[in-house]
Amino acid sequence: MGKPRVIYWFRTDLRLHDSPALKAALDLDPAVLWPVFTWDPHYVYRVKGGVNRWQYLLDCQNDLSESIQKLNSKSKLFVLREAPQTLFPKLFKAWNVTHLVFEKDTDAYAKERDKVVIALAEKAGVQVITRSGRTLWDSDELVAKHGGKPTMSITQLQAAGRKVGQIPRPIPAPTYLPDPGDMPVEFEQDKPDAEPDLNATHRGGNDKTYANIAGPNGDFAIATLQELGFSAEEASTPHRGGETIALKRLQEIFADEEYAATFQKPKTNPAAFEPQSTTLLSPMLHFGALSPRLFYWRAQDLVEKYGKGASTPPESLTGQLLFRDMYFAAQAAIGPPFAQTLNNSYCRFIPWHLPSKAEATDAGSTAVSGSYHVDSPQAERWFRRWKAGATGFPFVDALMRQLRAEGWIHHLGRHAVACFLTRGGCYVHWERGADVFEEWLLDHEPACNAGNWQWLSCTAFYSQYFRCYSPVAFGQKWDRKGEFVRRWVPELRGLDERFIYEPWKASRAALDKAGVRIEGDGLGGGEDGTYPAPMFDFAERRSACMAAMKRAYSIGLYGNDDRVKDGTWKELFEKAGETEMEGLDGGSDDDDDGKHADDAEYRKERGIGAGKHVRSQSAATKEGPMDRFAKKLRT
DNA sequence: TGAGGCGTTGCCCAC
DNA sequence: CGTGGGCAACGCCTC
């Protein structure tokens, strides 16, 4: 028996420091080691993500590859363009591989994929070694110590964590890497099915990802945005990825000992920009360019040194990392339904507008499909305006525009827009908002995204729905002068600070002076110099939503309830006098364009009469309530 | 056991 | 400018 010939498979651990899996690979004392990344078509085609996130991923890969080359000039990150499920059996044979080593992944798809790859490796006589490294503790161990149940609060997470044991200290980056072996790829390439391509709109149709298994030049190079079919010019974020930047940023954060030791998340400013008030390290954690345990111990050691006056979990820096582990462990226990309401026994059923369509899965259960019912044309329009940053509420619009442009907004900003879309304004399903965040956030982490949307919509983790973010007051609390709004909603730049959060209250003279007209719905590229009136009366929507939440809580259904699946939930809500619910929204201020062909079918399927409009607000005219409100205030 | 206190991050107004 | 109570009142944990 010769020395091991090892493939180290990089996935969501694009770093050299503190990698338990990489250490395990090197502990084998390999004769050869191939650092490999495979383009998995699931992420290329089936997970929606804008250009900014692809750029960030490539940043991380490029930086890692350079770091590998510094350790061994013969090596680098070798990128292969094929699905791992078909590629690895061929590589095992062609490269005469003895071991496959990788860091455990935690997401639903990745777990299934890895199960397949492990089975294929065993069949080929290749030994598989995996290590946990994505979280502070192994999520499966946390669940086991928590009685097999999801961790639904930070105290539960901490209790489970104490039972698992101390968070491991970070492992230093390796100081050497073995040479890679030969890399023949004279086998047939299995090309994936490129349809459906959820990123087609971002990609522009020039995708060449799978043209050549070893890349355009046959040298296993990191892909370019161009090769993946994206236009580099469309990348609009200033945030760039990579382990080198992550470690530098970590140094900077901890160089300011007072900032790091006394950090209290709820007291950081969501309207701060240049510089932002938090660490910007969440995307680095997502791509594995930064180890959460390195971050944790830097913070914890500092807090102990700092002594009195240091902040504590859950508000402190370490607290933020604990929340991340809480969501990962909740996801580990609940499984795929964690990302949805349906079949999720920990998620309340609320009859939000724009509910997901369900489809049967192989397992015979049902899962959400990504598309949704347009039960209310009005809610659909509110949702589109929310996504476009054209709600007419400047603070919400600024946040949504920053999110689209930069792929990052402050955590409290996420709270404000999430509350607004769901329980505190539009009464639109949290899964719609989660879809948008998935597409735009650089740090999109399925577990954290689903968990936070459930939190903010008061469907799980949190239940104080009467605490509602105001799109006006919340922004004002942090940024009285409206600098953040001016940065992202330039059409309002010249407006007096008395009106910057409520332009509908400005006089004609004040609007003229600022060079802005309150006009249109902000969709379809509106005219220059206009900004829309608010799309509804917030106070009215706030109380309608709160009353609806109260009824939904008293009815008390959860996502796994049979009545949720068979549609009989509707009777319960009608009996309770609910009007703010899917299928019962008149949406009468909207002349629907008939694009939503499923409407009629959906109403029929759920037994909802098309003419049964029982909205309390008087929206019988084309003029929305806010228009009247604005007029009243202007005169 | 039932009551009381607390929970990462609300708003508004009085003082 | 900071603080504290009311708002209307959830679920969970503790005593």
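Sequence lines set the chain letters: A, B, ... in the order given, protein chains first and strands last, and positions in each chain run from 1. Keep in mind it's a predicted model, so treat the numbers as computed, not measured.
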Could you measure between the two C1' atoms, the one in C:dA9 and the one in C:dG5, and give it in whole Å?
15 Å

Measure from NE2 on A:His415 to P on B:dG10 and round the result to the nearest Å.
9 Å

Side chain of A:Tyr553 only, please: which of B:dT8, B:dG10, C:dC10 is the nearest?
C:dC10

Would A:Phe437 and A:Trp453 count as a close aromatic pair, with their ring centres under 6.0 Å?
yes

Please report the distance, rounded to the nearest Å, between CZ in A:Phe461 and C1' in C:dC13.
18 Å

Please report the distance, rounded to the nearest Å, between CD in A:Glu502 and P in B:dC11.
13 Å

Looking only at side-chain atoms of A:Gln156, point me to the closest of C:dC12, C:dC10, B:dC11.
C:dC12

Take atom CE of A:Met549 and atom P of C:dG11, then tell me their distance rounded to the nearest Å.
11 Å

Carboxylate-amine/guanidinium contact A:Glu103 A:Arg15, below 4.0 Å
yes

5'-most by nearest nucleotide on DNA chain C - A:Arg467 or A:Tyr558
A:Arg467

Please check if the distance between the ring centroids of A:Tyr327 and A:Phe461 is under 6.0 Å.
yes

Salt-bridge present (A:Arg487, A:Glu483; N to O < 4.0 Å)
no

Shortest side-chain distance from A:Tyr327, nucleotide among B:dT8, B:dC11, B:dG7:
B:dT8

Choose from B:dG10, C:dA9, B:dT8 the nucleotide whose nearest atom is closest to any side-chain atom of A:Trp455.
B:dT8

Send over the distance from A:His146 NE2 to C:dC12 C1', rounded to a whole Å.
12 Å

Whole Å only: how far is the CZ atom of A:Phe466 from the C1' atom of C:dA9?
5 Å

Measure from the side chain of A:Tyr462, starting at C-beta and using heavy atoms only, and say which of B:dC11, B:dG7, B:dT9 lies closest.
B:dT9

Between A:Phe349 and A:Tyr558, is the gap from one ring center to the other below 6.0 Å?
no

Round to the nearest Å and state the distance from A:Lys477 atom NZ to B:dG10 atom P.
6 Å

Between NZ of A:Lys265 and C1' of B:dT8 the distance, given in whole Å, is 9 Å

Look at all strands and tell whether A:Lys550 reaches a base, only sugar-phosphate, or nothing, counting heavy atoms closer than 4.0 Å.
sugar-phosphate

Among the candidates C:dG11, C:dA9, B:dT8, find the nucleotide nearest to the side-chain atoms of A:Ile154.
B:dT8

Touch check for A:Gln264, heavy atoms < 4.0 angstrom, all strands: base, sugar-phosphate only, or nothing?
nothing

Applying salt bridge (charged side-chain N to carboxylate O under 4.0 Å, His left out) to A:Lys145 and not counting sequence neighbours gives none

Of all the nucleotides listed (B:dG10, B:dT8, C:dC12), which has the minimum atom distance to the side chain of A:Tyr469?
B:dG10

Quick one: the dot-bracket string of DNA chain C, using Watson-Crick and G-U wobble pairs with both distances under 3.5 Å, [ ] for crossing pairs and | for bases paired to another strand.
.||||||..||||||

For A:Arg348, answer base if it contacts any base atom (sugar-phosphate contacts may also be present), sugar-phosphate if it contacts only those atoms, and nothing otherwise; contact means non-hydrogen atoms under 4.0 Å.
sugar-phosphate

Of the candidates B:dT8, B:dG10, C:dC10, the side chain of A:Tyr465 sits closest to C:dC10

Describe the nucleic acid contact of A:Phe474 in one word from base, sugar-phosphate, nothing, applying a heavy-atom distance below 4.0 Å.
sugar-phosphate

Between A:Asp138 and A:Lys104, is there a side-chain N and carboxylate O pair less than 4.0 Å apart?
yes

Span that lies between the P atom of C:dC7 and that of B:dT8, in whole angstrom:
25 Å

Answer yes or no on whether A:Arg348 is positioned over the face of A:Tyr553, meaning its NZ or CZ is under 6.0 Å from the six-membered ring centre and within 45° of the axis.
yes

